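Letters go in sequence order (proteins before strands), and every chain restarts at 1. Quantities reported herein were computed from a predicted structural model and do not represent experimental measurements.
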Amino acid sequence: MAVPYNHHEVEQKWQKIWDEERAFRTSNDYSKPKYYALVEFPYPSGQGLHVGHPRPYTALDIVARKRRMQGYNVLYPMGWDAFGLPTENYAIKNHIHPRIVTKNNVERFKGQLHSLGYSFDWEREINTTDSEYYKWTQWIFLKLFNAGLAYKSEMPINWCTSCKVGLANEEVVNGVCERCGSEVVRKVKSQWMLKITEYADKLIQGLDTVDYIERVKVSQKNWIGKSQGAEVDFALTGKEEKLRIYTTRPDTLFGATYMVVSPEHPLIEKYKNEIKNYDELVAYREQAAKKSDFERTELVKDKTGVEIAGLTATNPVNNKEIPIWISDYVLMTYGTGAIMAVPAHDERDWDFAKKFQLPIIEVVAGSKVSVQEQVYTDVATGTLVNSEFLNGLSVADAKEKIIAFLEEKGIGSRKTNYKLRDWVFSRQRYWGEPIPIVHCEKCGFVPLDESELPLMLPEVESYEPTDNGESPLAAMTDWVNTTCPHCGGPAKRETDTMPQWAGSSWYFLRYTDPDNKEALASKEALEYWMPVDWYNGGMEHTTLHLLYSRFWHRFLYDQGVVPCPEPYQKRTSHGMILGSNGEKMSKSRGNVVNPDDIVQDYGADTLRTYEMFIGAFDLSAAWSEDGVKGCRRFLERVWKLQDILVDGDGYSADLETKMHQTIKKVSGDFECLKYNTAIAAMMALINEFYKKNAVTRGEYRTLLVLLNPVAPHITEELWQTAGYEGRIYQTTWPDYDEAKTVESTVEIGVQLNGKIRATVMASKDADKDAVIAMAKEALGDKLTGTIVKEIYVPGRLVNIVAK
RNA sequence: GCUGGCAUGGCGGAAUAGGCAGACGCAAGGGACUUAAAAUCCCUCGGGGGCGACCCCGUGCCGGUUCAAGUCCGGCUGCCAGCACCA
């Protein structure tokens, strides 16, 4: 009898041995085929590891371990995305330096990851808060600045009232701060911006060249929000000046019955003396500004607005004079901040026109405007009417014709717009990368020289953000006051720091060559390792980290720094692990599971197996302690196979097919996120061993290798106990023979008129007539009437159709 | 509202490419072992009917294609996720 399975002993023993043997060290032998597997590096929070973390980490650990056994040089690294607000807030509250907080948290996380037996190459560990790391984050920023892609701008930003910090659009969710849930208001501040909009098209096009799961591609395209249309100039009645609008439906120009400009549109200030109701407009603007984004969204159905008295416009195609309104349903930040309103064919314009009783002219036939009080939106089948030279054309043709007309007359042109906004890159915070720019009275914004990097984050007395929205660094006059690198005159350092997304926008490059002092990574390392072959991470990062890092990488490609345009060849996403009640785990709900407890009570191998078995990888799944027990039971049964181990290096005749089938199934499923069915196949296999009460050494060996990526410790121990050569992590992945995955004799279902009535056993390559004859015999006297059709699906079923 | 996705036993979930629905696990029930319990092992386990070989029904709902539909097509309903006054 085997000794009982003691997961503490087994797991600690092998973790120590792997460390000593540097088992998972990445090789620098660039002649071998490479495989770069990547998971999102965690933010080392004070709470420690969440049971959600092991799901993606285990999944790619499986892939990494399997690839190593298949002969690849594998890079599977880990590091720390350690700048960020929670650490800073914790530091403020407890009067501990954020550096110390980070160090403690990293230590805890690292210990926890280590206890789970991941094959990360810890010799390549990185930390975004190391000056040797953020030196290169700053270096990339300088590149962006020098390329004209970083600029400072006075602009209304999303301001979190609680964090006292500016947020990127991507960080505002339902009008509240993504991180703390507090109200977000608009505040005009001078901010560093990155021109991600310049890369909008490249970021869309790049998606066609990579293998991302569909919903990630769709989300990114959606977020970038490309739309094609035209800009058209409407003359202001009696003025030289034109009012420029953007529309995706230039074909409906004849249906424009009024115009709307955003409340912040400069037109209003410009003509304040001629506008008769200027005060009313200002009052409306102030009211609109007070609304949070959330309120603006909530009030979608109820349109508001004020007509500008004393100012009208002329529709350039029919010279009709039309009124101009202001309304907050038109945004200053998109297009030109002004629209032509075509109420018959736009739902928002329709609502507005109905409310203020403005005229509605149908210009695309098929409209239900008059009959059903409803706007017409079927672009595909409509025909133009009431539109002079456009009459009778389809929407698509009318668009082309009108654009040609506008361009010829010089009153409009084709135009593409994006929803994507430039990236607000400043944070008024301490715990981030200093921005390597000084401001000189004479020379303006001047970048530091590369040789001055890293610009170290100075020690400060207090990390509290100030109420006037300045970074804590602003109080450090010694640090702030410097000289201009350009003219040598007095200058001030930038006191804002970079957002958390900076360090994570290029970290995958640093792993390829983490100690390089001369470059962010050597050319050779980048050429060998990039792109990342498989990157897995959360859906919540689709429009933040994933988009930002693609932008930086594409920029670095254009600069000749990296060898490929896209950083990630393949992107997958995992589902969330929920509490046992099906709700998101949280302290307040009391449904949090600590991975340390599971490792303690059941072992890392059980946790890993369970998280892979819990359900479809991309869907969320509720935690179940009973499910954990089931997986532990499975590992116990694997352990006890020792007791029924028999001689024989090959597979026994009756299990040969099953063995080949299982190798094929497990090998394939590990490649396409179907870890649950891979494990199910291994469970089914050991059930076969127990049915026979025997497992040959050859069968056992194969099972251990297949299971090793999922449960590395127990399989390594059993491998040693059984006396196989070397370590299991050094062995090769088993092959299967396709021909042997099919049983020589198969059970064939016999259908009569599409319903199963019997089964017959037949050789897998028996001919059709023979099988059908057997089927008829099996049906016996159930088979009545005239046979009209006989169908044979080789190796599967027979269907006899009789009338 | 738009976009993407999903809907299968008591539960989590399986089911190449349209070809025997419910693999694997959990829970439950019964049995063995035990003074007892736990653990372990064996059996049953979608619903209904029949002593029985067997028969009928069944993959959210309605219809269609097909010898054959969980799978394909059309129309609904419900749920999840992302975006949301982007002209």
Ring pair (Phe, Tyr, Trp, His ring centres under 6.0 Å) partners of [X], counting only residues at least two apart:
{"X": "Phe254(A)", "value": "Phe389(A)"}
{"X": "Phe356(A)", "value": "Trp325(A), Phe352(A)"}
{"X": "His660(A)", "value": "Tyr651(A)"}
{"X": "Tyr736(A)", "value": "none"}

Does the [X] side chain pair with the main chain of [Y], one donor and one acceptor, at a distance under 3.5 Å?
{"X": "Asp233(A)", "Y": "Gly412(A)", "answer": "no"}
{"X": "Thr58(A)", "Y": "Arg55(A)", "answer": "no"}
{"X": "Ser573(A)", "Y": "Gly537(A)", "answer": "yes"}

Give a yes/no answer on whether the side chain of [X] brings an N or O atom under 4.0 Å of OP1 or OP2 in [N].
{"X": "Arg757(A)", "N": "A53(B)", "value": "no"}
{"X": "Lys691(A)", "N": "C41(B)", "value": "no"}
{"X": "Ser227(A)", "N": "A87(B)", "value": "yes"}

Salt bridge (charged side-chain N to carboxylate O under 4.0 Å, His left out): pairs with one or both residues in residues 605-617 of chain A, sequence neighbours excluded: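 Residue pairs with at least one partner in residues 605-617 of chain A: Asp61(A)-Arg608(A).
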Sequence neighbours excluded, every pair satisfying salt bridge (charged side-chain N to carboxylate O under 4.0 Å, His left out) that has a member inside residues 660-678 of chain A: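 As it turns out, the salt bridge (charged side-chain N to carboxylate O under 4.0 Å, His left out) pairs with a partner in residues 660-678 of chain A, which skip direct neighbours, are Lys66(A)-Glu671(A), Arg67(A)-Glu671(A), Lys664(A)-Glu738(A), Lys665(A)-Asp669(A).
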Can you check the [X] [atom1] to [N] [atom2] distance for me, whole Å?
{"X": "Leu546(A)", "N": "C83(B)", "atom1": "CG", "atom2": "C1'", "answer": "17 Å"}
{"X": "His345(A)", "N": "C85(B)", "atom1": "NE2", "atom2": "P", "answer": "23 Å"}
{"X": "Phe352(A)", "N": "C85(B)", "atom1": "CZ", "atom2": "C1'", "answer": "12 Å"}
{"X": "Gln220(A)", "N": "G82(B)", "atom1": "CD", "atom2": "C1'", "answer": "12 Å"}
{"X": "Asp618(A)", "N": "G13(B)", "atom1": "CG", "atom2": "P", "answer": "11 Å"}
{"X": "Trp639(A)", "N": "C41(B)", "atom1": "CH2", "atom2": "C1'", "answer": "21 Å"}
{"X": "Asp349(A)", "N": "G1(B)", "atom1": "CG", "atom2": "P", "answer": "19 Å"}
{"X": "Ile245(A)", "N": "C85(B)", "atom1": "CD1", "atom2": "C1'", "answer": "16 Å"}

Donor-acceptor pair present, Lys303(A) side chain and C85(B) base, under 3.5 Å: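 By the distance-only test, yes, there is a pair.
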What does the list of N/O pairs under 3.5 Å between the protein and nucleotides 16-21 of chain B look like, with a distance for each?
from, atom 1, to, atom 2, distance (Å)
U16(B), O4, Arg796(A), NH2, 3.1
G19(B), N2, Gln751(A), OE1, 3.4
C20(B), N3, Glu747(A), OE1, 3.4
C20(B), N4, Glu747(A), O, 2.6
C20(B), N4, Glu747(A), OE1, 3.3

Identify each donor-acceptor pair in which a side-chain atom of residues 612-624 of chain A lies under 3.5 Å from a protein atom, sequence neighbours left out, and give them as a table.
from, atom 1, to, atom 2, distance (Å)
Ser624(A), OG, Asp626(A), N, 3.4
Ser624(A), OG, Gly627(A), N, 2.9

Would you give me the side-chain donor-acceptor pairs under 3.5 Å for residues 635-642 of chain A, sequence neighbours excluded?
from, atom 1, to, atom 2, distance (Å)
Glu636(A), OE2, Arg632(A), NE, 3.0
Glu636(A), OE2, Arg632(A), NH2, 3.0
Arg637(A), NH2, Asn687(A), OD1, 2.9
Trp639(A), NE1, Val3(A), O, 2.6
Gln642(A), NE2, Trp639(A), O, 2.9

Syn/anti label of G9(B) as read from its glycosidic torsion, with the cut at 90° from 0: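 Base orientation: syn.
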G10(B) - base-pair partner by Watson-Crick or wobble geometry, distances under 3.5 Å: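 Partner of G10(B): C26(B).
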Assigned partner base of C79(B), Watson-Crick or wobble definition, under 3.5 Å: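 C79(B) is paired with G5(B).
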Look for any protein N or O under 3.5 Å of an N or O in nucleotides 4-6 of chain B and output each such pair with its distance, or none.
none

P-based separation of G9(B) from G60(B) [nearest Å]: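 The same atom, P, in both gives a distance of 7 Å.
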Set of side chain to side chain contact (heavy atoms under 4.5 Å, CB included) partners for Gln661(A), sequence neighbours left out: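 Partners of Gln661(A) by the side chain to side chain contact (heavy atoms under 4.5 Å, CB included) criterion, ordered by chain and then number, come out as Thr657(A), Lys658(A), Thr741(A).
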Using atom names, set out every protein N or O paired with an N or O of nucleotides 24-33 of chain B below 3.5 Å, distance rounded to 0.1 Å.
from, atom 1, to, atom 2, distance (Å)
G25(B), OP1, Asn687(A), ND2, 3.4
C26(B), OP1, Arg633(A), NH1, 2.6

Along RNA chain B (nearest heavy atom to each residue), the more 5'-positioned of Tyr334(A) and Ile614(A):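 Mapping each residue to its closest nucleotide by heavy atoms, the 5'-most match is Ile614(A).
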